[in-house]
K.L.:
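There's a structure below that I have some questions on.
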Amino acid sequence: DDLRIRMAWLRAKLSLDVGVPEKTLELVDSMIAAMASTKSELRAEITSSARLLQADAFFALPGREVEGLETLRRLRTDNPQSNAAVYTFMKEANFAASQNRFVEAQSLLIKLADDFGKHAYAPYALYEAALNAERRGQDTFYRDANRLIERLIRDYPRSELVFYARLKQGDLLRKLNEFPLAQQAYEELVNTFPKH
């Protein structure tokens, strides 16, 4: 059963990757229906991943974005602690950012970091939230982005994103004409990551 479920998921994923989202929707529906009768330990995890695929397929089809958003929100309600549910915040934020709704995208990413602070996606969410704040293009929002970068560095000092966050911080401080602080950020990078 587990192998059959995994192969069904892979088939749906590949249909999306080759650009046939209509087929993906059919495959996801049939896979979820077939899993209802199995007792696989992977059922909840694969159902959640299948729902993410379904949302991606809706986003790929013109005019069906609302169904994609509904799918993401339903996934968060039905399986709130699954990895897929956590990832829905990032998917929805990416969609909002693609529509130039940077405030909404930033809010979703901060909510992910607040609600799932121990999750592996949390530092990435803070970094993306900072980028969305920066895209708003005013000094106030550059300062917001800088605060998010500081939070990432403080809360996740071992994250591989610390280097990129500190580099972005230097760039933000230059945009704010705070050149001595920007220089400090760059010097800290050189000292902390001499071989990066």
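Numbers here are sequence positions counted from 1.
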K.L.:
If I take atom CD1 from residue I110 and atom CG from residue D144, how far apart are they, to the nearest 0.5 angstrom?
P.N.:
8.0 Å
K.L.:
Would you say the side-chain atoms of E65 pair up with the backbone N or O of G63, donor to acceptor, closer than 3.5 Å?
P.N.:
yes
K.L.:
Ion pair present between E92 and R76, side-chain N to carboxylate O less than 4.0 angstrom?
P.N.:
yes
K.L.:
Tell me the closest heavy-atom pair linking M31 and A50, and the distance in Å.
P.N.:
CE-CB, 3.2 Å
K.L.:
Closest approach of A125 and L112, non-hydrogen atoms and distance?
P.N.:
CB-CD2, 3.9 Å
K.L.:
Before giving the answer on side-chain contact (heavy atoms from CB on, under 4.5 Å), spell out for S48 and N83 the whole-Å C-alpha distance, their side-chain angles and the decisive distance to 0.1 Å.
P.N.:
CA-CA 8 Å; S48 298; N83 279 334; over 6 Å; no
K.L.:
Here's a test for you: under side-chain contact (heavy atoms from CB on, under 4.5 Å), which of R147, R174, K175 qualifies with Y142?
P.N.:
K175
K.L.:
From L108 CG over to F89 CZ, what is the distance, rounded to the nearest 0.5 angstrom?
P.N.:
7.0 Å
K.L.:
Got a list of side-chain donor-acceptor pairs under 3.5 Å for residues 20-28, not counting sequence neighbours?
P.N.:
unit_1, atom_1, unit_2, atom_2, d
T24, OG1, S15, OG, 2.6
T24, OG1, L16, N, 3.1
T24, OG1, V20, O, 3.2

K.L.:
Using a 4.5 Å cut-off on heavy atoms from C-beta on, say whether the side chain of I149 contacts that of L126.
P.N.:
no
K.L.:
Mind running side-chain contact (heavy atoms from CB on, under 4.5 Å) on R166 and E150 for me, showing each step along the way?
P.N.:
CA-CA 8 Å; R166 191 65 81 187; E150 276 298 322; 3.3 Å; yes
K.L.:
Check this for me, if you would: do K13 and D56 make a salt bridge, where the nitrogen-to-carboxylate-oxygen distance has to be below 4.0 angstrom?
P.N.:
no
K.L.:
Report yes or no: do L109 and Y87 belong to one cluster of Ile/Leu/Val/Met/Phe/Trp/Tyr joined by side chain heavy-atom distances under 4.5 Å?
P.N.:
yes
K.L.:
Grab the two heavy atoms, one from I5 and one from I46, that are nearest each other, plus how far apart they are.
P.N.:
CG2-CD1, 3.2 Å
K.L.:
Linking I/L/V/M/F/W/Y whenever any side-chain heavy atoms sit under 4.5 Å apart, do F58 and L72 land together?
P.N.:
no
K.L.:
Using side-chain hydrogen bond (donor to acceptor under 3.5 Å, both in side chains) as the criterion, list what pairs up with Q99, not counting sequence neighbours.
P.N.:
none
K.L.:
Of all the heavy-atom pairs spanning V162 and P157, show the shortest one and how long it is.
P.N.:
CG2-O, 3.6 Å
K.L.:
For the OG1 atom of T88 and the NZ atom of K91, what is their distance to the nearest 0.5 Å?
P.N.:
10.0 Å
K.L.:
To the nearest 0.5 Å, how far apart are CG in L131 and CD in Q106?
P.N.:
10.0 Å
K.L.:
Look up atom CZ in F95 and atom CZ in R101, then write down how far apart they are to the nearest 0.5 Å.
P.N.:
5.5 Å
K.L.:
Rounded to the nearest 0.5 Å, how far does CD of Q169 lie from CD of E188?
P.N.:
8.0 Å
K.L.:
Give the minimum heavy-atom separation between N132 and R135, together with the two atoms involved.
P.N.:
OD1-NH1, 2.9 Å
K.L.:
Quick one, Q81 with F116, criterion side-chain contact (heavy atoms from CB on, under 4.5 Å). Give me CA distance, side-chain angles, the key distance, then yes/no.
P.N.:
CA-CA 9 Å; Q81 297 303 316; F116 301 95; 4.0 Å; yes
K.L.:
Keeping to residues at least two apart or across chains, list the ring-ring contact (aromatic ring centres under 6.0 Å, His included) pairs with something in residues 156-185.
P.N.:
F163-F193, F163-H196, Y164-H196
K.L.:
Are L172 and F141 connected in a single hydrophobic cluster, I mean Ile/Leu/Val/Met/Phe/Trp/Tyr linked by side-chain heavy atoms less than 4.5 Å apart?
P.N.:
no
K.L.:
Is E134 paired with R143 through a side-chain N to carboxylate O contact shorter than 4.0 Å?
P.N.:
no
K.L.:
Pairing donors with acceptors under 3.5 angstrom, does anything connect the side chains of N79 and E45?
P.N.:
no
K.L.:
In the structure I gave you, are the side-chain heavy atoms of L152 and Y124 within less than 4.5 Å of one another anywhere?
P.N.:
no
K.L.:
For a quick test of reading the model, state the closest non-hydrogen atom pair linking S159 to P123 and the distance between them.
P.N.:
OG-CB, 3.8 Å
K.L.:
Taking the side chain from Y127 and the backbone from L148, do they hold a donor-acceptor pair closer than 3.5 Å?
P.N.:
no
